[in-house]
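Here is the structure we will look at, set down as structure tokens.
What you see is a predicted model; the values in this text were computed from it and never measured.
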Amino acid sequence: MTIVLRLLCVVVLLCNALGAMSAQAATEIIWWHAMSGELGKQVERLAADFNASQHDYHIQPTYKGTYTETVTAAIFAFRSRSQPAIVQVNEIATATMTAAKGAIYPVFELMQDEQEAFSPSAYLPAVAGYYADADGNMLSFPFNASTPILYYNKDQFRAAGLDPDVPPKTWPELGRAAKRLREHGMACGFTTSWPAWINIENFSAFHNLPIATRANGFAGLDATLIFNNPHVVRHIAQLAEWQKSKVFDYGGRGQAAEPRFQKGECGIFIGSSATRADIKANSRFAVGYGMMPYWPDVAGAPQNSIIGGATLWVLRDRPAAEYKGVARFFAYLSRPDIQAAWHQNTGYLPITQAAFDLTRAQGFYDRNPGTAISIEQVTLHPPTENSRGLRLGSFVLIRDAIEDEMEQAFSGRKSAHAALDAAVERGNRLLRQFERASPDR
């Protein structure tokens, strides 16, 4: 072997060694999440882009199943001291996470400790307010936020003699449009996904009605559910009446109803803004978009809608080096260009005003009609105590109880009044159980 070749070999070996040392020096940070399919690919892409942007930290995203499965896995892992640094938790589990004070590292504290810029004023009020404490300090990092919007079949609107460029704005208008669609042969006038999230939680916020006392739970664990008011009772009763003629047709829990719109069975659909890409890709007709409808005789409506989705929580008892990396990662995720790309690629809301402004300046909303509606709706008016969101313990179980009772009303087995009274009673029992078990009690 010539001297030149030997020197080249030495150089290669040194480069490989240095590369290995660099990779070994990077602090690994585990991130458990609940994103599957295309959204999971976007999560992987976010992590890969961050890892490529610097060499000190390596974010390792790991899919752990549904939101419930992911947070349950994190709880068990914490007990065995094998918890990740970051875990994605859905919005209705916020009260449960907040109560676990010894397990969580509030994001505002983390960012202060690591001297990374982090101001609630940079985030959309409807997003920041949902995840902040009574003093406005953000407890978790907003990640994927969505809100319900209205989708409609423009082709069927045209065929039924309805204006395909004008979505129904109020519930009476929606009822008339859905009835016209039924008269012109559609199997179903309209349906919704996520029944309680849309028809109780967001309905209440959009009409500036309280879901519970104590500022919807933000002001204390002793909150009591009070959504069985005349306006909500009237709304559920109207849905049950429309159900008889399929003007409204209940499509099940979660996202079960969405395919009925995509297949052309239902002419109008109210669902998450984050499903826009799927709806557009799978629908063989022109899709129109609008805000959630409201009852025009309710004072204060429309107010603003509230968000769904999830945030990133930081768990305690990880090495100090990991927390430096987590703070750096959150600062990276907050960048306008990163947030704008996430928003545009997934359909979730941009969490910052700067990301919204950048997306608009890039012409995305002009090229993709309907994509700005979700942001316009959650920022329609400054949030009130009734439209900020909710902070109620065991709300995953409470939502199940609400939907149990809604199904009783839609099937005609109970009146709307009786069903909502039962939902409130069942939910309040769960709230008292949570309150008794809370360390803050």
Side-chain angles (χ1 to χ4, degrees), residues 31-51 59 61-67 70 86-91 123-124 126-128 130-131 140-151 193-194 197-198 254-255 258-259 261-262 269-283 287 289 305-312 329-330 332-379:
W31 170 18
W32 286 2
H33 68 88
M35 296 292 202
S36 60
E38 184 59 36
L39 291 175
K41 294 177 184 177
Q42 292 295 331
V43 165
E44 296 282 347
R45 179 179 174 184
L46 270 180
D49 288 348
F50 171 74
N51 294 339
I59 297 291
T62 303
Y63 175 67
K64 299 297 286 187
T66 65
Y67 284 132
T70 301
I86 308 170
V87 61
Q88 183 186 25
V89 180
N90 58 335
E91 91 285 4
Y123 299 84
L124 297 178
V127 175
Y130 204 115
Y131 300 111
S140 57
F141 183 83
F143 181 56
N144 55 302
S146 60
T147 200
I149 64 171
L150 182 145
Y151 302 85
S193 60
W194 301 103
W197 183 54
I198 290 171
Q255 294 175 273
E258 184 181 322
F261 177 72
Q262 296 178 9
F269 172 67
I270 302 175
S272 171
S273 58
T275 64
R276 180 186 178 278
D278 283 342
I279 287 175
K280 186 177 179 181
N282 297 316
S283 302
V287 180
Y289 310 92
S305 60
I306 57 175
I307 59 172
T311 53
L312 305 182
F329 181 50
F330 287 172
Y332 174 85
L333 292 181
S334 297
R335 281 171 35 183
D337 58 324
I338 302 302
Q339 269 303 308
W342 170 256
H343 162 54
Q344 294 171 30
N345 291 333
T346 64
Y348 284 111
L349 296 168
I351 61 171
T352 64
Q353 184 66 41
F356 174 47
D357 293 341
L358 176 59
T359 299
R360 182 169 52 193
Q362 291 171 338
F364 180 79
Y365 300 129
D366 294 332
R367 296 191 305 273
N368 300 276
T371 51
I373 286 174
S374 56
I375 302 98
E376 293 167 356
Q377 187 175 267
V378 298
T379 59

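- A donor-acceptor contact closer than 3.5 angstrom is absent between the side chains of D278 and Q262.
- By the salt bridge (charged side-chain N to carboxylate O under 4.0 Å, His left out) test, E91 pairs with R399, sequence neighbours left out.
- Residues forming a ring-ring contact (aromatic ring centres under 6.0 Å, His included) with Y130 (at least two apart in sequence, or on another chain): none.
- For T311, the side chain to side chain donor-acceptor pair (under 3.5 Å) partners are S140, W313, not counting sequence neighbours.
- For S305 and Q377, the side-chain atoms include at least one donor-acceptor pair closer than 3.5 Å.
- For Y63, the side chain to side chain contact (heavy atoms under 4.5 Å, CB included) test picks out H33, S36, with sequence neighbours left out.
- Using modelled atom types, one side-chain atom of R367 and one backbone atom of Q362 make a donor-acceptor pair closer than 3.5 Å.
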Name every donor-acceptor pair, under 3.5 Å, that has one atom in a side chain of residues 345-354 and the other anywhere in the protein, sequence neighbours excluded.
unit_1	atom_1	unit_2	atom_2	d
N345	ND2	A341	O	3.1
T346	OG1	W342	O	2.6
T346	OG1	Y348	N	3.1
T352	OG1	A355	N	3.1
Q353	NE2	D357	OD1	3.1

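- Considering only residues two or more places apart in sequence or on other chains, Y365 meets the ring-ring contact (aromatic ring centres under 6.0 Å, His included) condition with H343, F356.
- The two residues I198 and S193 make their nearest non-hydrogen contact at CD1-O, 2.9 Å.
- Under the 3.5 Å distance criterion, the side-chain polar atoms of T371 are matched with a main-chain donor or acceptor of N368.
- Here the side chain of T147 pairs no donor or acceptor atom with the backbone of V378 at under 3.5 angstrom.
- Listed here is the closest heavy atom pair of Q88 and M35: NE2-CE, 3.4 Å.
- Without hydrogens or angle criteria, N90 side chain to G309 main chain gives no donor-acceptor distance under 3.5 Å.
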